[in-house]
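Everything numeric here is computed off the predicted structure, so don't read it as measured data. Atoms considered below: every heavy atom in the structure, side chains included; atoms not considered: hydrogens, waters and symmetry mates.
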Amino acid sequence: MASGTAQNVYDDSTFFNEYGKLPRSQQGLAGAPEWSALRQMTSTIFETIAFWISAAEQGASYIRGVDVADKMIAKAREMTIQPASAGRFAYEIQDLESIVLESAAYDLVFSSLALYYIEDLDRLFRQIYACLNPEGGRLVFSVEHPVMTAPVDPPAEWIKVESGGLQRTVWPLNSYSDEGVRLTDWLYHRMTDTYVTLLLQCRFELTGLREGVSSMDDVASHLEWERKRHRPNFLLVSAKVAPKA
């Protein structure tokens, strides 16, 4: 693995095609278990492409999308570029490990399920902080919850255990405190407090932290999400540029 190079599995045709079969890819917001919680953090979000569309519909004057994968950028262009949107969307193939962002140029930075591919997250957070509007610019991001990325032998599966004569379904968690690359060779595991500490060190003000557990109302509409209430699938974080003293 090359240090300082963003992990990119989405240009692998097999991976990209399988990702496209997921409920979140085919159903958009309705197929995303964490949407209910994430929606409370900001009025315009979810999956990156869905977010760009939503932001445009709600009046965003300029939307810049970046991704390291050619296939993801091509899909974004296919879904959003129309004559009526000319000039509002800009898409670029960029490596988040080395990206340089314009100072004070954006009101909101959003990232969906991407930051655990980044080795030097501290550098990226500092770039984001500098590029945000100093008068309340915001960062909102989602990552797979650390209890999902922690196991050292993925894919971890649900297991059955007996306790007190009862059989329970549990999620096997190990090596939570051992941060770093996992055997998948394409993601980095970090603890929850590491994400928060890096933000605070970059002078962000934390405004929200949610563990994306599906509500009972969500489960009633999506019975396949019932297991997700046994453990959090996602970590959802919002922060803003701290006011100057």
Interatomic distance, [X] atom [atom1] to [Y] atom [atom2] [nearest 0.5 angstrom]:
| X | Y | atom1 | atom2 | answer |
| --- | --- | --- | --- | --- |
| E144 | L187 | CD | CG | 7.0 Å |
| N133 | L108 | CG | CG | 11.0 Å |
| L198 | L115 | CG | CG | 10.5 Å |
| L124 | S98 | CG | OG | 10.0 Å |
| L132 | R138 | CG | CZ | 10.0 Å |
| M72 | D67 | CE | CG | 5.5 Å |

List the atom of [X], the atom of [Y], and the distance in Å for their closest heavy-atom pair.
| X | Y | value |
| --- | --- | --- |
| C131 | V109 | SG-CG2, 3.9 Å |
| H145 | P232 | CB-O, 3.3 Å |
| L236 | S142 | CD2-CB, 3.6 Å |
| H189 | D178 | CD2-O, 3.5 Å |
| P134 | A104 | CD-CB, 3.8 Å |

Pair V68-L96, side chain to side chain contact (heavy atoms under 4.5 Å, CB included): steps then yes or no: CA-CA 7 Å; V68 73; L96 294 181; over 6 Å; no

Might you work through the side chain to side chain contact (heavy atoms under 4.5 Å, CB included) test for E179 and M191, ending with a clear yes or no? CA-CA 7 Å; E179 296 184 318; M191 298 184 294; 3.6 Å; yes

Any donor and acceptor pair, going by atom type alone, linking the side chain of [X] with main-chain N or O of [Y] inside 3.5 Å?
| X | Y | answer |
| --- | --- | --- |
| S238 | G208 | yes |
| R203 | R126 | no |
| W171 | M148 | no |
| Q127 | L101 | yes |
| E92 | G65 | no |

Derivation of the side chain to side chain contact (heavy atoms under 4.5 Å, CB included) call for Y62 and Y106: CA-CA 9 Å; Y62 177 71; Y106 303 98; 4.2 Å; yes

Considering residues, nucleotides and ligands other than Q201, do more than 12 of their heavy atoms fall under 6.0 Å from its CD? yes

Can a donor-acceptor pair be found between the side chains of Y91 and R64 at a distance below 3.5 Å?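 Result is no, nothing qualifies.
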
Under 4.5 Å between any side-chain heavy atoms of [X] and [Y], yes or no?
| X | Y | answer |
| --- | --- | --- |
| E119 | Y188 | yes |
| Y195 | L235 | yes |
| P146 | R190 | no |
| L199 | L206 | yes |
| V140 | V237 | no |

One pair to check against side chain to side chain contact (heavy atoms under 4.5 Å, CB included): E97 and R123. What are the steps and the verdict? CA-CA 8 Å; E97 293 281 11; R123 178 196 179 278; over 6 Å; no

F125 and F141: aromatic ring centres closer than 6.0 Å?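 Centroid distance F125-F141: below 6.0 Å, so yes.
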
Evaluate the criterion ring pair (Phe, Tyr, Trp, His ring centres under 6.0 Å) for residue pair Y129 and F204; output intermediate values, then yes/no. CA-CA 7 Å; Y129 188 92; F204 275 104; 5.0 Å; yes

Do Y176 and V170 sit in the same hydrophobic cluster, where Ile, Leu, Val, Met, Phe, Trp and Tyr count as joined when their side-chain heavy atoms come under 4.5 Å apart? no

E205 bridged to K240 by N-O distance under 4.0 Å: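 Salt bridge: yes.
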
